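Here is the structure we will look at.
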Amino acid sequence: MGSRSAGLKETLCVLRSLLFCKMLRFLKRPLVVTAHINLNLVALTGLGLLTRLWQLSYPRAVVFDEVYYGQYISFYMKRIFFLDDSGPPFGHMLLALGGYLGGFDGNFLWNRIGAEYSSNVPVWSLRLLPALAGALSVPMSYQIVLELHFSHCAAMGAALLMLIENALITQSRLMLLESLLIFFNLSAVLSYLKFFNSQKHSPFSPNWWLWLMLTGVSCSCAIGIKYMGIFTYLLVLSIAAVHAWNLIGDQTLSHGGLARITQGQPLEVAFGSQVTLRNVFGKPLPCWLHSHKNTYPMIYENGRGSSHQQQVTCYPFKDINNWWIIKDPGRHQLVVNNPPRPVRHGDIVQLVHGMTTRLLNTHDVAAPLSPHSQEVSCYIDYNISMPAQNLWRLDIVNRESSRDTWKTILSEVRFMHVNTSAILKLSGAHLPDWGFRQLEVVGEKSRGHHESMVWNVEEHRYGTSQEQKERELELHSPTQVDINRNLSFMARFSELQWKMLTLKNEDSEHKYSSTPLEWVTLDTNIAYWLHPRTSAQIHLLGNIVIWASASLATVAYTLLFFWYLLRRRRSICDLPEDTWSHWVLAGALCTGGWALNYLPFFLMERILFLYHYLPALTFQILLLPIVLQHVSDHLCRSQLQRNVFSALVVAWYSSACHVSNMLRPLTYGDTSLSPGELRALRWKDTWDILIRKY
């Protein structure tokens with residue numbers, strides 16, 4: 001036993017000595033960390049950031065659809081519930097995140113294109129996330145082509161084309177959604193390719209799980225920005241299904257939402273109910289029927305007179321002055337009976353403004369901005385010969401029977417004036433400064449139907465206070481929540497998605513709307529912004545060399561694919577099996593991505609614009625250098641042919657760079673061109689280049 005113990009001690013001493021020697025050797029040597037840095041990726045990322053972030057806050061004015069998205073950002077900043085018909089909310093939330101990071105308080109009236117931003121609007125921050133998404137799409141294109149097993153040269157070609165394409169630069173430098181959608185489309189494709197390549201070498205490894213998860217997250221984000229993102233989801237899902245089918249045969253393997261705002265509110269509107277009334281049309285801005293103590297001016301700027309009654313407007317923000325009380329003309333009480341007496345289709349009602357207790361009124365006096373319509377006001381008794389005319393007949397537009405009850409959110413109603421038969425309508429015109437730039441509300445005598453005449457109850461409570469001071473406190477309090485009506489997350493989510501999908505969008509024309517056929521040939525453009533004093537302007541206008549070449553590459557790939565397929569049917573294999581599988585996968589992703597993001601627009605009955613083509617274009621751009629490499633590697637038979645072809649490719653890319661530079665003033669809008677220079681850029685008769693007449 002003693003000898004064993006002595007031997008153990010001796011062994012431990014030897015181990016300590018060895019360990020000590022190794023530590024001394026380790027301390028004598030410098031600590032070295034080896035990192036593999038792809039300088040191509042670094043350079044492409046830097047160039048992408050430079051082209052997208054350069055003078056990002058210019059112009060400091062509302063540019064095209066910024067007027068549309070900006071109002072939703074203001075709603076988020078002010079914590080106001082809203083529902084629009086443009087699609088899912090994730091894209092708006094990302095734009096609002098930029099506003100939040102920049103300290104935006106939401107106080108800006110998004111009423112016209114070209115309006116200069118006030119000092120409280122952090123323009124750089126609001127445009128930052130789309131710009132970053134556009135910049136990162138450049139190195140991501142490089143990685144996608146590499147993951148498809150094509151050369152670094154082809155990958156650099158795809159990234160450089162993305163870098164200099166003018167339409168992609170323009171769209172990513174503004175507070176718009178397309179660059180975010182393209183980023184997540186490319187992210188989904190790249191993540192899936194990395195997952196697929198991991199499947200070959202290390203299935204079920206941490207990297208395998210990471211890329212699988214990122215594929216799902218990217219697809220979800222793309223759909224969350226625009227419903228168009230579902231096309232890329234279907235693309236990835238289809239390719240994954242084919243890969244899964246091949247694996248089976250491989251024997252070597254062993255919507256904030258709507259539910260929350262209505263939760264706990266009474267369903268049926270009753271006499272005595274306190275409600276906010278939202279205009280269903282929601283254009284030019286979503287707004288609520290509103291009044292305040294200010295009156296219409298005695299004399300308008302054009303010399304016409306008014307009734308000098310209390311103003312009634314449509315206000316695009318939540319406010320205490322948006323609350324109205326539904327009153328029974330035969331009763332003085334402004335509270336709900338027990339049991340409540342519901343308001344039905346055809347009932348006569350009075351609308352009492354909650355904070356001023358004056359009744360909604362219209363009469364034969366011309367509206368301030370719409371002289372062919374009647375002025376709408378809250379009646380003030382001036383003891384003159386102008387009696388109150390404050391009775392309204394309720395017309396439930398979407399009723400199922402003649403005695404339908406008026407319901408919160410669900411019922412779409414019109415208010416028909418008893419005395420004059422005028423209908424309460426949002427005209428959409430912005431009142432002057434005396435009306436605080438709020439939207440005009442009128443009494444419309446025409447018999448036609450339009451959504452601007454339709455209203456619905458968004459917030460609702462049963463009034464219990466007869467005294468005005470108590471009622472004001474009641475109006476300031478939030479609507480009560482009934483915990484017995486709690487909805488699950490999935491119920492709220494499903495309801496919100498269904499509402500967004502089924503909202504009606506008015507069909508109308510737009511000066512810059514276009515058809516899908518015009519996109520491929522770049523026969524259209526969009527004038528985004530014009531400087532108020534000079535000829536500097538921003539256009540959504542693509543690089544015609546890249547667009548034409550991308551379309552030709554798609555045609556060339558399709559013809560080559562079917563040619564090879566026919567020859568393989570005859571057992572003639574022009575390409576090795578690995579090369580053929582890479583060629584097929586590249587075509588499935590790029591040609592399939594283009595088709596799925598382009599062809600569905602032929603079936604859509606909605607206003608379409610050139611920027612709808614940009615997601616499809618990115619897939620064509622990825623395909624272009626792949627086709628060029630294939631021609632060089634497999635169709636050029638001699639070294640001389642390859643050298644000549646390479647020289648032609650260099651000349652072609654130089655021409656694309658030249659066109660990009662020529663269109664730069666219209667891409668960034670920071671250069672004022674002469675009328676002659678502008679005419680020289682009008683390469684197609686269908687391009688609408690704005691030329692001032694001095």
Side-chain angles (χ1 to χ4, degrees), residues 51 63-65 113 160-174 176 178-179 182 509-531 534-556 594 597-599 601-602 604 606-621 623-624 648 651-694:
T51 55
V63 179
F64 201 64
D65 274 354
I113 297 172
L160 291 174
L161 290 173
M162 292 282 290
L163 179 72
I164 66 171
E165 210 296 302
N166 297 79
L168 294 178
I169 296 174
T170 300
Q171 201 71 10
S172 62
R173 286 174 48 83
L174 301 171
L176 305 172
E178 275 64 36
S179 65
I182 290 169
E509 292 298 323
H510 191 283
K511 180 180 179 181
Y512 292 108
S513 61
S514 53
T515 64
L517 286 176
E518 294 175 302
W519 302 342
V520 178
T521 53
L522 200 57
D523 284 336
T524 182
N525 71 306
I526 304 176
Y528 270 2
W529 173 80
L530 175 66
H531 194 283
T534 71
S535 63
Q537 51 195 282
I538 295 176
H539 287 254
L540 183 68
L541 189 58
N543 187 314
I544 196 167
V545 172
I546 296 177
W547 286 51
S549 303
S551 297
L552 288 174
T554 305
V555 173
W594 169 79
N597 282 277
Y598 173 58
L599 298 180
F601 286 105
F602 286 94
M604 294 184 184
R606 54 171 293 185
I607 302 175
L608 299 175
F609 295 95
L610 180 62
Y611 55 71
H612 285 122
Y613 187 61
L614 296 182
L617 175 70
T618 57
F619 285 99
Q620 280 191 314
I621 291 176
L623 182 66
L624 178 51
L648 291 174
W652 162 79
Y653 185 77
S654 300
S655 67
C657 291
H658 179 64
V659 170
S660 179
N661 188 58
M662 289 185 68
L663 295 178
R664 185 193 176 282
L666 302 182
T667 301
Y668 289 88
D670 56 355
T671 304
S672 179
L673 300 178
S674 67
E677 291 171 321
L678 289 171
R679 291 190 190 94
L681 290 177
R682 196 166 180 253
W683 298 338
K684 289 195 172 188
D685 293 337
T686 52
W687 288 4
D688 185 17
I689 308 296
L690 306 177
I691 301 176
R692 288 188 180 275
K693 295 181 180 179
Y694 294 97

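Count residues from 1 along the sequence. The model shown is predicted, which means the values in this text are computed figures rather than measured ones.
Distance check: Ile164 CD1 to His658 NE2 gives 12.0 Å after rounding to the nearest 0.5 Å. Separating the CD atom in Glu677 from the OG atom in Ser672 is a distance of 8.5 Å, to the nearest 0.5 Å. To the nearest 0.5 Å, atom OG of residue Ser551 and atom CH2 of residue Trp519 are 13.0 Å apart. To the nearest 0.5 Å, the span separating CG on Leu541 from CH2 on Trp547 amounts to 8.5 Å. Between the CD atom of Glu178 and the OG1 atom of Thr618 there is a distance of 11.5 Å, given to the nearest 0.5 Å. Taken from CG in Leu624 to CG in Leu552, the straight-line distance is 9.0 Å, to the nearest 0.5 Å.
Contacts of Thr554 classified as side chain to side chain donor-acceptor pair (under 3.5 Å), with partners at least two apart in sequence or in another chain: Gln620. With sequence neighbours excluded, no residue forms a salt bridge (Lys or Arg N to Asp or Glu O under 4.0 Å) with Arg682.
Put simply, the side chain of Thr686 gets close to the backbone of Asp523: a donor and an acceptor are under 3.5 Å apart. When atom types are taken as modelled, the side chain of Asn525 and the backbone of Asp688 share a donor-acceptor pair closer than 3.5 angstrom. A side-chain donor-acceptor contact under 3.5 Å links Tyr668 to the backbone of Thr51. Of the possible donor and acceptor atoms, none in the side chain of Glu165 sits under 3.5 Å from a partner among the backbone N and O of Ile546.
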Under the criterion side-chain contact (heavy atoms from CB on, under 4.5 Å), I'd like the reasoning laid out for Leu666 against Trp687: C-alpha separation, chi angles, the key distance, then a yes or no. CA-CA 12 Å; Leu666 302 182; Trp687 288 4; over 6 Å; no

Audit row: Tyr528, Leu176, side-chain contact (heavy atoms from CB on, under 4.5 Å) steps and yes/no: CA-CA 12 Å; Tyr528 270 2; Leu176 305 172; 4.1 Å; yes

Go through it in stages, so that I can follow the logic: the residues are Leu168 and Leu614, the test is side-chain contact (heavy atoms from CB on, under 4.5 Å), and I'd like the CA-CA distance, side-chain angles, deciding distance and then a yes or no. CA-CA 7 Å; Leu168 294 178; Leu614 296 182; 4.2 Å; yes

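The heavy-atom pair separating Leu610 from Ser514 by the smallest distance is N-OG, 3.6 Å. The shortest heavy-atom contact between Trp652 and Val545 is NE1-CG1, 3.6 Å. Between Ala536 and Gly669, the shortest heavy-atom distance links the atoms CB-O, 3.5 Å. The two residues Ala553 and Leu623 come nearest to each other via the heavy atoms O-CD2, 4.1 Å. When every heavy atom of Leu678 is checked against every heavy atom of Leu690, the shortest pair comes out as CD1-O, 3.4 Å. When every heavy atom of Ala167 is checked against every heavy atom of Gly542, the shortest pair comes out as CB-CA, 3.9 Å.
Side-chain atoms of Ile689 and Arg679, non-hydrogen and from C-beta on, never get closer than 4.5 Å to each other. The shortest distance between side-chain heavy atoms of Thr524 and Tyr512 does not fall below 4.5 Å. Residues Leu174 and Phe64 fail the side-chain proximity criterion, which asks for heavy atoms closer than 4.5 Å. Counting heavy atoms from C-beta on, the side chains of Trp529 and Ile113 never come closer than 4.5 Å. By the 4.5 Å heavy-atom criterion applied to side chains, Leu681 and Leu673 are counted as neighbours. The closest side-chain heavy-atom distance from Leu663 to Ile544 is not below 4.5 Å. Counting only heavy atoms from C-beta outward, the side chains of Arg664 and Ile169 never approach each other to under 4.5 Å. Residues Ile182 and Gln171 fail the side-chain proximity criterion, which asks for heavy atoms closer than 4.5 Å.
Side chains of Trp594 and Tyr613: a donor-acceptor N/O pair is present below 3.5 angstrom, by distance only.
Taking the six-membered ring where tryptophan is involved, the planes of Tyr611 and Phe609 are essentially parallel, since the angle between them stays under 30° and well short of 60°.
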